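Have a look at the structure below before the remarks.
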Number of protein chains: 2
Amino acid sequence: MPDIGKMLWPKSLAVVGASSDIHGLRGRILEILLTHPYDGKIYPVSRSAAEVQGLRAYPSVDALPGPVDLAILIIPAQYIPAELERCGKAGIKAAVILSSGFAEEGEAGLRAQADLAAIARRYDMAVAGPNTEGFANIAAGLCPTFSPALDKNAGPIRPTRALGNGQVSVISQSGGLGFAFFDRARPRNLSFRHIVTTGNEAALEVFDVVDYLLEEGGTDVFLLLLEDVKSPDKFRRVAEKALRAGKPIIVGKIGQSEAGSRAVASHTAALAGSQAAYRAMFECYGLIEASDLDEMLDLAVGFLACGDKLPKGKRVGICTSSGGAGVWMADACASAGLEMPVLDTETRKSIDVHIPSYGTSQNPVDSTAQGVHKMGYATFARLVANSPLIDGVMVVVTARRSAFLEGDLPKLKDLKRDGTKPVFMWTYTLPSDRSIEILNEAGYPLFTGAHGCARTMAAMADYRALRERVLGSPAAASAAHAARDQVRGVLDASNDVLAEWQARPLLALYGIGADAGTLVRSAKEAEKAARALGRPVALKVQSADIPHKTEAGAVALAIAAENAAAAHDTVLANARRYAPKAVIDGVLVQPMARPGREVILGVKRDERWGPLLMVGLGGTLVEALGDIALAPVPLDREQAHALLAHLKGAAIFGAWRGMPEADTEALAGAMVKLAQFAADHADDVAEIDLNPVIVHAKGEGVSVVDALIVKRKAQAERRTAAE
Amino acid sequence: MPDIGKMLWPKSLAVVGASSDIHGLRGRILEILLTHPYDGKIYPVSRSAAEVQGLRAYPSVDALPGPVDLAILIIPAQYIPAELERCGKAGIKAAVILSSGFAEEGEAGLRAQADLAAIARRYDMAVAGPNTEGFANIAAGLCPTFSPALDKNAGPIRPTRALGNGQVSVISQSGGLGFAFFDRARPRNLSFRHIVTTGNEAALEVFDVVDYLLEEGGTDVFLLLLEDVKSPDKFRRVAEKALRAGKPIIVGKIGQSEAGSRAVASHTAALAGSQAAYRAMFECYGLIEASDLDEMLDLAVGFLACGDKLPKGKRVGICTSSGGAGVWMADACASAGLEMPVLDTETRKSIDVHIPSYGTSQNPVDSTAQGVHKMGYATFARLVANSPLIDGVMVVVTARRSAFLEGDLPKLKDLKRDGTKPVFMWTYTLPSDRSIEILNEAGYPLFTGAHGCARTMAAMADYRALRERVLGSPAAASAAHAARDQVRGVLDASNDVLAEWQARPLLALYGIGADAGTLVRSAKEAEKAARALGRPVALKVQSADIPHKTEAGAVALAIAAENAAAAHDTVLANARRYAPKAVIDGVLVQPMARPGREVILGVKRDERWGPLLMVGLGGTLVEALGDIALAPVPLDREQAHALLAHLKGAAIFGAWRGMPEADTEALAGAMVKLAQFAADHADDVAEIDLNPVIVHAKGEGVSVVDALIVKRKAQAERRTAAE
């Protein structure tokens, strides 16, 4: 692995293609570099000029007067490969390629980009780009970029009064958006450490940079802007490392819509892939997804200011002096999934003495303008934070005028120092610059949107809960199941599609499902099997060629033993009519499952991420609503329960419609086993469908009513060829 | 109706309770009044001072030296009623009551507030409040409020370079939030006409003010902040008037969550009521709901700048010079429900000549930094707007630096002048003040959030479509159905709950449902009825005391005629076991309905809004997901179709799972008839449930499978008492 430190912390650098024309990008990048207080050496390289912007220029990287760590390349695409090679030969260990015209231009561009990757490997160089906007190491005052966000007139790169003590780093595939975070965060006084844009990622990827920065230290919050993730394994390793280190990653994933992913493809030739799969991966590793730039900054502000006081739960207390604004915030909190319990009597008593009769201490606490005028914001926030029913506090303020906050500052500082719960501020008027400074100095996160404020607290609580769970359970080394080899042997020998009678024994080896039933080959056998079961049965035609049995009329339900023979012949005739060429293995006779809630359990293979466990509510109408949840495999029981809670219709698992609570414990157990199956046989299995699975009342387990396994043909063929 | 003009445009006014202490609210309001250029007379009224802030003060409103139009009352609550009475006697025709301590304090406060309403009626006074923050007539420079948003140091009240030519008025029940709109809109250069806060609304309500301002003219966009709507009829009349006049109403409805509505109740004692019902009313009259202050301002900006070029549809073209930012915007557009077709060949050709090979003209159009640098934003926006496939254009800009926009200004102005389609601007960096000015001067709406920008275009297209539909169909005078009296007679004579066999004939009189079936009273009759039908039947016990028949085992399905007698006895026995005291009317024998999609149709009575039609997908699991849609009654076919389109699972009505397209035309017909039934019998009916209704394939109609009508007991009793 090349040393990214040579790129981000070079002792010296060369700008290949530097120009004196500051209206063009080649001039702008040098101008911006020279504007900031980087203390290393800067060498312009120019084929045509002996001096560039007052510096002596050199004709080639071969001709530089001393050793150079980093080359910035801003020359036409067709000259880039040769120049990169020259850098490698000259012993330069890092390069940033700003030029466009590679993968985003189709086949030829893709090939040229592959050449760059090969050169980078050959010389063990850290190479960012092509098609990037460069980076900025704010800590070092090093800004090799042409982004206007770092123009000399754009203002200081470090805030005079920063929010909190922590630093944010941005790593973005998009140059424009990467630097936009820095630009938009300026009025909020966030301290940035690095902004790195990786462009087409011929070599260096976003998660390489995250990995390096985790080792480097000093970054407390990561802001990531992704069009795709090129290396799933790297993602898994680095994301888990960040989670264990407690460094939150806030991520914007673009290309989610059809037009968006069309644009991504033409823009950096990334394949956007399945959004649902990305989301499942992000959730698994605690990456916090957001959908607008300011929403991402809101999250960063929350973690920077209150990262050491992450909320232990989702119960929020709201303090307000404006009734209407308090209600607005309460609605925002509810829609973010926060709870607002009425405060306990003791807390209410401590508040009531300070507010007029037309205020209220229930929650939201409306202390009224008069109450706040008398006591200040900090007093009420402290009283609410003292309640044992509350995990975090939202203070609704009007930060237009700073005089009042100024007076409250000592108490605000005290509260910040003593408090163990996070306190968030939302201003319904626009804050004055001085108000922002005061609140930053006191260490409070300030929001101008109620929803952004509420979502931030909810995300922080989720992050804490996930992290505690992960830290509590040592990284499961995913011990292969004892039956693994047995299943593998059967899969190797089987056809591409395993019908229920074939799939069930394999799943049963992992403890999934029982009541497999009997495969019969005549009406007589059917009747015999039904009589042996002694209760109404289901009959299902078994054929890998008829995956949708109900449509084919190849299923009969609730058949009494005396009718089993006739039903056998009927379903068989229906199946033959439906698919005359189908190879039919026989008819499966099973006991009818007891009633309960129907769910769908399955495994789908995502091209990028491999097998994902899927769970959804059953019934065809629900399928139309797409209420499903996904997670990577394997997973543990706690993750399984969390996944179930994701379902919009999860309420049906409680006492519902006269049914007692459902056996979600058994369902979670089945999910864990199925996930283990999927993980163990990831190379062989393309898809598993258990549809439906019936979840019975608590203590009564689940019944798997149908099962299908589809093998990975291509993979299977490849393995055969290799043997 | 009192004259609100006396309040908003007084020739002279008195401030009762005025003080020289500008640190208190009683001093602040006078200071703010005097700060702004109102040219009427201002009389301080004070019991203790002869001079207040340099003005001669008077001891009472009786003692004023000349006629006064408006009294501002800012004295303790207990003195308010007597003072208001005194104003009435003195001939003052308008009053604003800023004092708190009325309905928000419980019973006694509610009574005091009712007294205020009575006094207002007695003297025909326009009375705002109590518990308001006053108002501001920006056009007149009249600001009787203590809101810090109008402080003398808060900046000019009119923008020097306004966006567009139109004006916005804010009417809000919450004082703090009402003025927050004004405060937050300042940097966006919106022209405001009035900000009116109505507080507890003892007399004047938000929609009284809207009504007045519609008559006054000059307001182009309304921003409303509502905790409740006190007079549903007034809402209906004024909202329709605004829609017909083409004056969009953007509304924030607070108190939507449980905690929020708890807070509303304690804050201004408003009953929040059913949020779903509010939403249905807003949608019916084209009010545009939003959930955050900035989102509401985004919508106002869009309508102000492009109200004369409302998009004809939802097809958007995106122009960008940053690939990543273009993708971000595409995702935002998709999630707002906009479509992004690939552009037509001719348009693409006209664009391709201006962009480098690594750009793209498909849509988003990525003209690259180089392309924009050469041609400017306006050129690309015009080329995209020219496409016949596009209804509106989003231009992704970076407005940090204004120099470039400055150069593009003439072309931007030309495009604004010539264009027939709206062009929206989103900047991914923070805009400089000068950039905002330039774009305002050229008349473009500028957004800093991609989602806000996309939602605005979508809302504008929806508004246009709704308005065209309403203008196209003259206000239906809801002609009562011919069978109205007949149904009413039956309802008058019937019990509180009408079981299926009783409900069906009434519904049939309105053309809803057929196949009512036969009510039988013995097993023998059951068999006879089944044989007469000649196909499998359903048997259902009929009893007003057993509304949930399935749970009771009181239903048998798909019974052959030879088994009908036995089934009859079984369901009856089950019903008797389930509810031994139930009065049983008999058993209904019906033909089994043919299969199709199940929906639920119903009518629910909302306390505030009266009967609402409800439609949802059927099946118990779907009910758990709550996928239903509501609309006021009556409604027409087009509204019925629009309501169906609201369902998340609406896709099932298309060709789905091997079924042909569903007969949504017949379903819409049934909805229209049921809505007419509900409208005609609004006084008598509390609830109607048709559950399920089966929607068959196109041309094959719908089957109503069950029906129940619940009467409005209280209302029925009241009518009886009155007779």
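From a predicted model like this one, the values you see are computed outputs, not experimental measurements. Note: hydrogens, waters and symmetry copies are ignored here, and every other heavy atom, side chains too, is used. Letters go in sequence order (proteins before strands), and every chain restarts at 1.
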query: Top residue by heavy-atom pair count (under 4.5 Å) with chain B, among A/Gly178, A/Pro341, A/Ser100?
result: A/Ser100
task: Tell me, please, which residues at least two apart from A/Ala399 pass side-chain contact (heavy atoms from CB on, under 4.5 Å).
output: A/Val397, A/Leu405, A/Thr427, A/Pro431, A/Ser435
- prompt: Of the listed residues (A/Gln370, A/Arg28, A/Met329), which shares the most heavy-atom pairs with chain B below a 4.5 Å separation?
  reply: A/Arg28
field: Options A/Ser321, A/Gly175, A/Ser357, A/Ala330, ranked by heavy-atom pairs under 4.5 Å with chain B, top entry
entry: A/Ser357
- request: Can you measure from OG (B/Ser322) to CZ (A/Phe179) and round to the nearest 0.5 angstrom?
  value: 12.0 Å
message: With a 4.5 angstrom heavy-atom cut-off, is it the side chain or the backbone of A/Ala650 that approaches chain B, or both, or neither?
response: neither
- line: Looking only at A/Thr320, A/Thr368, A/Asp183, A/Leu225, the option with the highest number of non-hydrogen pairs under 4.5 Å against chain B is A/Asp183
message: Looking at B/Asp331 and A/Ile254, would you say the former's side chain and the latter's main chain have a donor-acceptor pair under 3.5 Å?
response: no
- line: If you tally heavy-atom pairs under 4.5 Å between each of A/Arg186, A/Arg400, A/Lys648, A/Glu133 and chain B, the highest tally belongs to A/Arg400
B/Ser291 backbone acceptor or donor facing A/His451 side chain under 3.5 Å: yes
- prompt: Under a 4.5 Å cut-off applied to non-hydrogen side-chain atoms, are B/Thr429 and A/Pro148 in contact?
  reply: no
field: Taking every non-hydrogen atom, the tightest pair across B/Leu177 and A/Trp328
entry: CD1-CE3, 3.9 Å
query: Got a donor-acceptor contact below 3.5 angstrom from the A/Arg401 side chain to the B/Asp151 backbone?
result: no
message: Counting C-beta onward and ignoring hydrogens, is there a side-chain heavy-atom pair between B/Arg184 and A/Thr448 closer than 4.5 Å?
response: yes
message: As an exercise: rank B/Val342, B/Asn153, B/Asp294 by heavy-atom pairs under 4.5 Å with chain A and give me the winner.
response: B/Val342
query: Quick one: which residues of residues 332-339 of chain B reach chain A at under 4.5 angstrom, heavy atoms only?
result: B/Ala334
query: Checking B/Ala325 against chain A: side chain, backbone, both or neither under 4.5 Å from a heavy atom?
result: both
field: Toward chain A, the part of B/Pro356 with a non-hydrogen atom under 4.5 Å
entry: neither
query: Got A/Tyr358 and B/Asn131 here, is their nearest side-chain heavy-atom distance under 4.5 Å?
result: no
field: Most contacts with chain B, counted as non-hydrogen pairs under 4.5 angstrom, among A/Gly252, A/Ala450, A/Ala369, A/Gly109
entry: A/Ala450
Contact origin within B/Leu647 toward chain A - heavy atom pairs under 4.5 Å: neither
task: Indicate the atoms forming the closest heavy-atom contact of B/Leu430 with A/Pro187, along with that distance.
output: CD1-CG, 3.4 Å
